[in-house]
Undergrad: 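Supplied in structure tokens, the structure appears directly below.
Sequential numbering from 1 along the given sequence is applied to the chain's residues.
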Amino acid sequence: MSENISSSLNQNWGDKVILVVEDVDTNKIFFDAALRKTNAKILWAKDGQEAVVMYKDNDIDLVLMDLQLPIMDGYTATREIKKIDSEVPIIAQTAHVMSGEREKCLEAGCDDYLAKPIRLQILMETLSKYLNK
């Protein structure tokens with residue numbers, strides 16, 4: 001069991017680009033710390049509109065999408081990105097965990113869903129599912 005935990009935490013994604021869409025600084029700090037050791041290239045967007053532009057301008061392997069964002073929300077940004085590339089994995093992350101939220105995320109085109117506060121282990125296991133193919 002503990003071997004699985006450490007293996008999911010020790011990833012080398014040096015050839016991957018992850019777009020993190022997040023407008024809250026404390027959450028950015030968490031993702032930065034969590035992903036630093038993976039060697040992945042991390043791009044940051046502070047709102048959905050910026051995320052769509054960044055997606056168009058970069059070769060991105062995975063998107064971590066906050067849903068409650070200024071300017072353009074994460075649901076709309078997800079739909080726009082999926083129009084550009086329906087295959088890119090988009091993982092929703094939100095503090096809103098009321099019933100129906102997961103379904104709403106999946107309906108918008110998200111491939112997976114993380115409830116905040118996000119645990120490091122669950123984050124890494126979820127990312128591994130999409131990046132270690």
Side-chain angles (χ1 to χ4, degrees):
M1 173 73 183
S2 62
E3 193 176 303
N4 278 351
I5 291 170
S6 65
S7 69
S8 72
L9 297 179
N10 294 319
Q11 297 293 335
N12 185 355
W13 295 321
D15 60 338
K16 304 295 184 188
V17 179
I18 300 172
L19 173 60
V20 180
V21 188
E22 179 59 68
D23 63 325
V24 177
D25 287 340
T26 53
N27 294 334
K28 283 183 183 175
I29 292 165
F30 167 78
F31 285 118
D32 185 50
L35 299 172
R36 185 178 299 132
K37 290 182 180 173
T38 69
N39 299 316
K41 181 178 179 187
I42 309 299
L43 302 176
W44 298 94
K46 63 186 177 307
D47 62 63
Q49 187 175 345
E50 186 178 358
V52 173
V53 170
M54 288 185 83
Y55 191 84
K56 287 178 184 174
D57 293 344
N58 294 278
D59 187 17
I60 293 169
D61 296 291
L62 183 138
V63 180
L64 270 169
M65 179 73 71
D66 189 12
L67 297 173
Q68 307 302 314
L69 295 165
I71 303 174
M72 179 191 290
D73 68 42
Y75 300 104
T76 305
T78 295
R79 287 186 196 98
E80 293 300 309
I81 290 170
K82 286 291 189 171
K83 284 181 195 171
I84 300 163
D85 179 1
S86 62
E87 298 298 309
V88 66
I90 299 179
I91 300 169
Q93 35 129 352
T94 183
H96 294 269
V97 290
M98 47 220 154
S99 67
E101 191 69 25
R102 184 180 181 89
E103 291 72 21
K104 191 174 171 186
C105 293
L106 299 175
E107 194 177 282
C110 293
D111 298 277
D112 220 319
Y113 173 94
L114 296 170
K116 292 179 183 175
I118 298 168
R119 290 187 20 238
L120 178 60
Q121 170 88 29
I122 292 174
L123 171 67
M124 298 308 287
E125 286 172 358
T126 303
L127 294 179
S128 295
K129 190 164 49 171
Y130 296 98
L131 293 175
N132 294 346
K133 287 187 174 180

Undergrad: Is the shortest heavy-atom distance from the side chain of D66 to the side chain of K116 under 4.5 Å?
TA: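 Yes, at least one pair of side-chain atoms sits under 4.5 Å.
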Undergrad: Hey, are the side chains of L127 and L35 touching, using non-hydrogen atoms and a 4.5 Å cut-off?
TA: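 SC-SC contact between L127 and L35 confirmed.
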Undergrad: Are L67 and V88 linked, directly or through intermediate hydrophobic residues, by side-chain heavy-atom contacts shorter than 4.5 Å (ILVMFWY only)?
TA: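 Yes, V88 and L67 fall within the same hydrophobic cluster.
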Undergrad: Given the rule that I, L, V, M, F, W and Y join up when any side-chain heavy atoms are under 4.5 Å apart, are V63 and M72 in one cluster?
TA: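 Per the 4.5 Å side-chain linkage, V63 and M72 are co-clustered.
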Undergrad: If you define the side chain from C-beta out and look only at heavy atoms, does anything of Y113 sit under 4.5 Å from T94?
TA: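 Sidechains of T94 and Y113: in contact.
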Undergrad: Grouping I, L, V, M, F, W and Y whenever their side-chain heavy atoms are under 4.5 Å apart, do M54 and V21 come out in a common cluster?
TA: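 Looking at the clustering, V21 is in the same group as M54.
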Undergrad: Tell me the side-chain hydrogen bond (donor to acceptor under 3.5 Å, both in side chains) pairs involving residues 54-64, sequence neighbours left out?
TA: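 Listed by first then second residue: Y55-D85.
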Undergrad: Could you pull out all residues at least two apart from D32 that satisfy side chain to side chain contact (heavy atoms under 4.5 Å, CB included)?
TA: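 So D32 forms a side chain to side chain contact (heavy atoms under 4.5 Å, CB included) with R36, W44.
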Undergrad: Hey, are the side chains of E22 and L64 touching, using non-hydrogen atoms and a 4.5 Å cut-off?
TA: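 In short, these two side chains do not touch, never coming nearer than 4.5 Å.
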Undergrad: Search all heavy atoms of G48 against all heavy atoms of L69 and return the closest pair with its distance.
TA: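 In this case the closest contact between G48 and L69 is N-CD1, 3.7 Å.
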Undergrad: Does one hydrophobic cluster hold both L123 and I90, with members joined at side-chain heavy-atom distances below 4.5 Å?
TA: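 No, L123 and I90 fall in different hydrophobic clusters.
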Undergrad: Is the CD atom of E80 crowded by more than 12 outside heavy atoms at less than 6.0 Å?
TA: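 It does: E80 CD has more than 12 such atoms within range.
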Undergrad: Does any part of the side chain of F31, heavy atoms only, come nearer than 4.5 Å to the side chain of I18, both counted from C-beta?
TA: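 Not touching, per the 4.5 Å side-chain cut-off.
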Undergrad: Apart from L106 itself, which Ile, Leu, Val, Met, Phe, Trp or Tyr residues share its cluster (side-chain heavy atoms under 4.5 Å, direct or through members)?
TA: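 Joined to L106, directly or through intermediates: none.
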Undergrad: Measure across S128 and Q11 and return the closest heavy-atom pair with its distance rounded to 0.1 Å.
TA: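 Looking at all heavy atoms of both residues, the shortest contact is OG-NE2, 3.1 Å.
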Undergrad: Should F30 and T26 count as side-chain neighbours, where that means a heavy-atom distance under 4.5 Å?
TA: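 The answer is no, as the side chains (C-beta and beyond) never meet within the 4.5 Å cut-off.
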Undergrad: Nearest heavy-atom pair of D73 and Y75: which atoms, and what distance?
TA: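 D73 and Y75 have their closest heavy atoms at OD1-N, 3.0 Å.
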Undergrad: Hydrophobic clustering (ILVMFWY, side-chain heavy atoms < 4.5 Å, transitive) - are I91 and M65 grouped together?
TA: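 No, because M65 and I91 fall into different hydrophobic clusters, even though each may have its own neighbours under 4.5 Å.
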Undergrad: Who are the salt bridge (Lys or Arg N to Asp or Glu O under 4.0 Å) partners of K82, not counting sequence neighbours?
TA: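 Only D111 meet the salt bridge (Lys or Arg N to Asp or Glu O under 4.0 Å) criterion with K82.
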Undergrad: Using side-chain heavy atoms (C-beta onward) and a distance below 4.5 Å, is V52 in contact with I81?
TA: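 The answer is yes, as the side chains (C-beta and beyond) meet within the 4.5 Å cut-off.
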Undergrad: Could you note down all residue pairs passing salt bridge (charged side-chain N to carboxylate O under 4.0 Å, His left out) where residues 10-19 supplies at least one of them, sequence neighbours left out?
TA: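 The answer is none; no pair qualifies.
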Undergrad: Measure the spacing between CE of M124 and NZ of K129 and express it to the nearest 0.5 Å.
TA: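 Rounded to the nearest 0.5 Å, the CE-NZ separation comes out at 14.0 Å.
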Undergrad: So does K41 have more than 12 non-hydrogen atoms from other groups sitting under 6.0 Å from NZ?
TA: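 Counting neighbours around NZ of K41, 12 or fewer heavy atoms of other residues, nucleotides or ligands fall under 6.0 Å, so no.
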Undergrad: Could you check K46 against I71 for side-chain contact (heavy atoms from CB on, under 4.5 Å), going step by step and ending with a plain yes or no?
TA: CA-CA 9 Å; K46 63 186 177 307; I71 303 174; over 6 Å; no
Undergrad: Which distance, rounded to the nearest 0.5 Å, do you find between the CG of L131 and the CG of N12?
TA: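 Separation between the atoms: 11.5 Å.
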Undergrad: For L19 versus A51, what's the shortest heavy-atom pair and its separation?
TA: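 Closest pair (atom of L19, atom of A51, distance): CD2-O, 3.7 Å.
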Undergrad: For D23, which residues count as a side chain to side chain donor-acceptor pair (under 3.5 Å) partner, sequence neighbours excluded?
TA: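 With sequence neighbours excluded, D23 shows a side chain to side chain donor-acceptor pair (under 3.5 Å) to no residue whatsoever.
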Undergrad: Return the SG to CZ distance between C110 and R79, rounded to the nearest 0.5 Å.
TA: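 Here the interatomic distance stands at 9.0 Å.
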